[in-house]
K.L.:
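First the structure, which I've put down as structure tokens, then a few questions once you've had a look.
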Amino acid sequence: MTTTDITTALTTAPIPGPATPYQDDIARYWDGEARPVNLRLGDVDGLYHHHYGIGAVDHAALGEPGDSEREKKIITELHRLESAQTDVLLDHLGDIRRDATLVDAGCGRGGSSVMAHQRFGCRVEGVTLSAKQAEFGNRRARELGIDGSVRAQVCNMLDMPFGTGEVAGSWNNESSMYVDLHDLFAEHSRILSVGGRYVTITGCWNPAYGQPSKWVSQINAHFECNIHSRREYLRAMADNRLVPQAVIDLTPDTLPYWELRATSSLVTGIEEAFINSYKDGSFQYVLIAADRV
């Protein structure tokens with residue numbers, strides 16, 4: 001069987017259980033998604049992400065307001081910030097051996113998987129409900145000549161096709177809001193070796209606010225997801241043998257990304273909800289790194 005045959009089989013395989021009507025809806029949503037904000041940013045250097053960015057904006061790199069190339073420079077800067085976000089996530093995986101296996105749960109079009117392989121030299125398995133995303137990611141891996149080490153599968157991340165204790169590290173990069181956290185962390189705990197590291201970067205609503213704000217509700221409706229509270233993440237990890245080693249509030253670091261994106265041609269209409277919820281404290285952008293015990 002050729003690599004193309006294998007990839008075709010993976011991306012057309014039925015989604016394994018426990019699939020639900022909601023998960024079928026999510027698969028259809030991402031199969032049909034083709035937002036310029038994801039594709040045009042990836043076109044900058046061929047790393048296609050499905051998350052946001054962190055870090056200070058390099059205003060000198062943007063040029064003057066009347067610069068004919070300013071929009072192109074804004075897109076390049078937004079992409080730099082989203083790749084910087086992945087770098088921070090990978091920093092928190094710790095030391096990964098070249099013979100290790102990592103799992104990118106909810107891998108999108110595979111940008112984080114590629115960056116992980118480029119950094120650690122190891123095998124990276126991505127899982128996504130979207131056949132189109134998996135096909136895209138596998139095609140990019142072939143184009144980069146790393147398809148022997150980086151692969152995306154059509155798979156439910158609550159029931160991943162990896163053996164117990166097989167994985168050295170795993171993560172969810174802005175994908176955990178689509179599933180029940182107890183089910184998700186039980187599965188990560190199962191596939192991780194003892195001492196293995198799990199990392200998530202996610203938006204979560206702030207329990208101190210009382211309830212999800214109207215802005216959080218708008219974000220849920222826009223992405224057809226269910227944002228969890230920070231407290232829910234920590235409780236579900238504790239119940240599933242995942243002990244946090246770092247809990248970092250990235251909210252101040254992601255706000256510049258959103259404020260810059262709101263000035264670009266790639267606006268989707270959800271920018272105001274992110275900016276206002278981050279500013280009023282009802283929504284937070286956090287990184288949690290936890291070890292399997």
Side-chain angles (χ1 to χ4, degrees), residues 29-30 33-92 104 106-116 118-119 126 128 130 133 136-137 140 144 171-175 177 199-204 215 218-219 222-223 225 227 248-279 283-287:
Y29 176 91
W30 287 109
E33 185 275 335
R35 291 190 182 93
V37 72
N38 292 320
L39 295 170
R40 285 187 64 192
L41 295 184
D43 286 343
V44 171
D45 62 4
L47 288 170
Y48 291 86
H49 298 301
H50 279 274
H51 58 259
Y52 311 124
I54 60 172
V57 172
D58 182 358
H59 290 282
L62 301 180
E64 297 300 322
D67 187 342
S68 62
E69 294 290 304
R70 184 173 173 84
E71 181 61 23
K72 180 179 179 181
K73 292 175 180 177
I74 288 175
I75 290 171
T76 299
E77 181 66 2
L78 288 170
H79 182 63
R80 184 185 70 81
L81 295 176
E82 64 177 0
S83 289
Q85 190 256 48
T86 296
D87 275 328
V88 169
L89 186 152
L90 298 179
D91 288 344
H92 284 83
D104 182 354
C107 63
R109 290 185 172 94
S112 296
S113 296
V114 172
M115 289 181 66
Q118 289 173 339
R119 178 182 292 207
T128 174
S130 169
Q133 287 185 343
F136 189 104
R140 281 298 298 136
L144 293 168
W171 66 86
N172 286 95
N173 199 353
E174 293 183 19
S175 56
M177 64 288 294
V199 182
T200 185
I201 293 182
T202 187
C204 57
W215 305 117
Q218 286 183 23
I219 296 168
H222 184 84
F223 293 105
C225 64
I227 293 167
I248 302 172
D249 183 0
L250 296 173
T251 308
D253 301 293
T254 197
L255 195 52
Y257 165 90
W258 284 101
E259 291 173 334
L260 179 62
R261 176 167 146 173
T263 71
S264 76
S265 62
L266 301 179
V267 292
T268 62
I270 200 61
E271 289 78 13
E272 180 186 22
F274 276 91
I275 291 169
N276 288 337
S277 61
Y278 284 144
K279 286 185 173 179
F283 194 45
Q284 296 175 312
Y285 200 53
V286 300
L287 178 150

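Side-chain atoms are counted along with the backbone in the values below, which use heavy atoms only and exclude waters and symmetry mates. These numbers come from a predicted model, not from an experiment.
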K.L.:
What's the separation between atom CZ in Arg40 and atom OG in Ser265, rounded to the nearest 0.5 Å?
P.N.:
4.5 Å
K.L.:
For side-chain contact (heavy atoms from CB on, under 4.5 Å), just list the numbers for Gln85 and Tyr257, CA-CA rounded to whole Å, side-chain angles, deciding distance to a tenth of an Å, and then say yes or no.
P.N.:
CA-CA 11 Å; Gln85 190 256 48; Tyr257 165 90; over 6 Å; no
K.L.:
Evaluate side-chain contact (heavy atoms from CB on, under 4.5 Å) for Met115 paired with His49, printing each intermediate quantity in order.
P.N.:
CA-CA 10 Å; Met115 289 181 66; His49 298 301; 3.6 Å; yes
K.L.:
Which pair of heavy atoms, one from Leu89 and one from Asn172, lies closest together, and at what distance?
P.N.:
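Between these two residues, the closest heavy atoms are CD1-O, 4.5 Å.
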K.L.:
Could you tell me which non-hydrogen atom of Tyr278 sits nearest to which non-hydrogen atom of Tyr285, and how far apart they are?
P.N.:
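Closest heavy-atom pair between Tyr278 and Tyr285: OH-CD1, 3.5 Å.
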K.L.:
Do you know the tightest heavy-atom contact between Ser83 and Leu47?
P.N.:
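Shortest heavy-atom separation between Ser83 and Leu47 comes out as OG-CD1, 4.2 Å.
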K.L.:
Kindly determine whether Leu260 and Leu78 satisfy side-chain contact (heavy atoms from CB on, under 4.5 Å), including the steps that lead there.
P.N.:
CA-CA 8 Å; Leu260 179 62; Leu78 288 170; 3.8 Å; yes
K.L.:
CZ/Arg261 to CZ/Phe274 distance, rounded to the nearest 0.5 angstrom?
P.N.:
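Nearest 0.5 Å value for the CZ-CZ distance: 7.5 Å.
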K.L.:
Please determine whether side-chain contact (heavy atoms from CB on, under 4.5 Å) holds for the pair Ile201 and Ile54, giving the CA-CA distance in whole Å, both sets of side-chain angles, and the decisive distance to 0.1 Å.
P.N.:
CA-CA 11 Å; Ile201 293 182; Ile54 60 172; 5.8 Å; no
K.L.:
Check whether any side-chain heavy atom of Tyr48 sits under 4.5 Å from a side-chain heavy atom of Asp43, and report yes or no.
P.N.:
yes
K.L.:
Can you name the closest pair of heavy atoms from Ala273 and Ile219 and give their distance?
P.N.:
CB-CG1, 4.0 Å
K.L.:
Restricting to salt bridge (Lys or Arg N to Asp or Glu O under 4.0 Å), what partner residues turn up for Glu174, sequence neighbours left out?
P.N.:
none
K.L.:
Is it the case that the side chains of Asp104 and Ser112 hold a donor-acceptor pair, with the cut-off being a distance below 3.5 Å and no angle test?
P.N.:
no
K.L.:
At their closest point, which heavy atom of Gly55 faces which heavy atom of Leu81, and how far apart are they?
P.N.:
O-CD2, 3.8 Å
K.L.:
What heavy-atom pair brings Val267 and Ala262 nearest, and what distance separates the two atoms?
P.N.:
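That would be CG1-O, 3.6 Å.
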K.L.:
Closer than 4.0 angstrom, basic N to acidic O: yes or no for Arg109 and Glu33?
P.N.:
yes
K.L.:
By salt bridge (Lys or Arg N to Asp or Glu O under 4.0 Å), which residues pair with Asp87, not counting sequence neighbours?
P.N.:
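Partners of Asp87 by the salt bridge (Lys or Arg N to Asp or Glu O under 4.0 Å) criterion, ordered by chain and then number, come out as Arg119.
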K.L.:
Using only heavy-atom distances, determine whether the side chains of Ser175 and His50 contain a donor-acceptor pair under 3.5 Å.
P.N.:
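Distance-only check fails for Ser175 and His50.
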